[in-house]
2 protein chains.
Amino acid sequence: MDSSNVLELNLGVGNNGGGQVGQSVRPRCPAPFLLKTYDLLEESGNGGKIVSWNGDGSGFIVWSPAEFSDLTLPRFFKHNNFSSFIRQLNTYGFKKISSKRWEFKHEKFQRGCRDMLVEITRKKCEPSVFPSYLKSSSEENAITSNNSMEENNNNSHQLLMEENKNLKKERLELQMQIAEFKSLEMKLLECLSQVMDNHQNKSRGQC
Amino acid sequence: MDSSNVLELNLGVGNNGGGQVGQSVRPRCPAPFLLKTYDLLEESGNGGKIVSWNGDGSGFIVWSPAEFSDLTLPRFFKHNNFSSFIRQLNTYGFKKISSKRWEFKHEKFQRGCRDMLVEITRKKCEPSVFPSYLKSSSEENAITSNNSMEENNNNSHQLLMEENKNLKKERLELQMQIAEFKSLEMKLLECLSQVMDNHQNKSRGQC
DNA sequence: GGGAATATTCCC
DNA sequence: GGGAATATTCCC
């Protein structure tokens, strides 16, 4: 049954279209970028000379990047830059599957399967500095709040409040660290400029 | 030389583009949006019938939103939506100063002062050490979550999860700020020791 | 008016 | 290829 619960949770934790918090989730529509890219292939107004599905419809090929940029892109998007198009493909997890030509694939992007586009999501930009942190805490959340309600409602509520409290405490500590860093930075810069001034005026250096 | 060294350093540390996380330095060129809006006013190709500076050049007035949207916007931006234009104005801190007409002001946006545009920064991305928005939303949540249970149980749960999510996001941002500060500190110390070495060896200094 | 998602650009 | 800033859209 409730895959819907899981989905709902994921929504709460991660981002998603709309940003509504407690809404019933679901069959939201695919990202505009995906629809446009799909439609642009179906259109094939040029007999597939510029861009087309590949042989088995498991991907697509941009045969002529120049014409694609000049003629096709601006009809579907607000730009005519091939690289911006590529950037979007990467954002949605498409892979370039040939070094010889501009052929791209995504497991959920196939000819005849427009409905499957909804399965494709943007890659979340998880900053590389502390990726594990977020991950683990998201998981925690998913676990604690996905039980059958009623009984566990109160319990998970308590856990959330607890976690919340800890997060705030942690935030304060981080903010104080940052304040110290700022002060340190200022001192260092001051010191540096002083040294350089002294330096310039002649020889004699201390900090 | 002088402060240019310092600037260089700060820029090296973070994202210089729009300048934020480590802040302390100003981007050298104004945001494209500001330049376009300024230029669009200078142009005044229509005799100021559609849009123009106000009397003393301390702000500007969109006299005809419809024509402005249809004719002016698409020549400078990738859209023709008045509301998107307004959204940008708000992002950069402009104020609507009349309920009767579309007149906007920003302290640093004045006729004849194109150079002053660099002083204008986007609102959203300056994570100050103690972000105020955060405080207020936390407080709100705290208040709203101790109402009578039952009905509000689910609601407050959602709010808690939302707050939780935000806190985690914030934590990540703070951690990234700290990482940048650490890197900056290292560079500064390196630079400092280099300068002092040079200094000691004789006269002839650069960093 | 502004938060937040997606789109586009810029840059490594 | 992808991080991150700005731009545009969507929604409250």
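Chain identifiers are assigned alphabetically (A, B, ...) following the order of the sequence lines, protein sequences preceding nucleic acid strands; residue numbering begins at 1 within each chain. Note that this is a predicted model, so its numbers are computed, not measured. These numbers come from the heavy atoms of this one structure, side chains and all, not from hydrogens, waters or symmetry mates.
To the nearest angstrom, C1' of dG1(C) lies 8 Å from NZ of K95(B). Remark: P of dT9(C) and CZ of F77(A) are 12 Å apart, rounded to the nearest angstrom. One interatomic measurement links the two molecules: NZ of K123(A) to P of dG1(D), which rounds to 9 Å at whole-angstrom precision. When rounded to the nearest whole Å, the span between CG of L35(B) and P of dT6(D) equals 13 Å. Atom pair L34(A):CG and dA5(C):C1' shows a separation of 14 Å (rounding to whole Å applied). Nucleotide dA7(D) holds its P atom 14 Å from the CG atom of L73(B), rounded to whole Å. The CZ-P distance, from F104(B) to dG2(C), rounds to 12 Å in whole Å. When rounded to the nearest whole Å, the span between CZ of F94(B) and P of dA7(D) equals 12 Å.
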- Task: Take L41(A) and F109(A), measure what side-chain contact (heavy atoms from CB on, under 4.5 Å) needs, and give me the verdict at the end.
- Result: CA-CA 11 Å; L41(A) 283 162; F109(A) 189 89; 3.6 Å; yes
- Item | Worked verdict on K49(B) versus E67(B) for salt bridge (charged side-chain N to carboxylate O under 4.0 Å, His left out) | CA-CA 10 Å; K49(B) 290 288 197 303; E67(B) 292 176 277; over 6 Å; no
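Note on Y92(B): a side-chain N or O is less than 4.0 Å away from OP1 or OP2 of dA7(D).
Among the atoms of the strands shown, none is found under 4.0 Å from any heavy atom of F76(B).
Less than 4.0 Å separates DNA chain D from at least one heavy atom of each of the following residues of residues 78-89 of chain B: K78(B), H79(B), N81(B), S84(B), R87(B), Q88(B).
In terms of the ring pair (Phe, Tyr, Trp, His ring centres under 6.0 Å) criterion, residue partners of Y92(B) (sequence neighbours excluded) are, by chain and number, F33(B).
Nearest to the side-chain atoms of R122(A) among the listed nucleotides dA7(D), dG2(C), dA7(C) stands dA7(C).
Contact detail for H79(B) and S84(B): the closest heavy-atom pair is CE1-CB, 3.5 Å.
Side-chain polar atoms of W53(A) and E42(A) form a donor-acceptor pair below 3.5 angstrom.
For residues 30-41 of chain A, the set of pairs meeting the side chain to side chain donor-acceptor pair (under 3.5 Å) definition, not counting sequence neighbours, comprises D39(A)-R114(A).
The distance from the CD atom of E107(A) to the CD1 atom of I120(A) is 9.5 Å, given to the nearest 0.5 Å.
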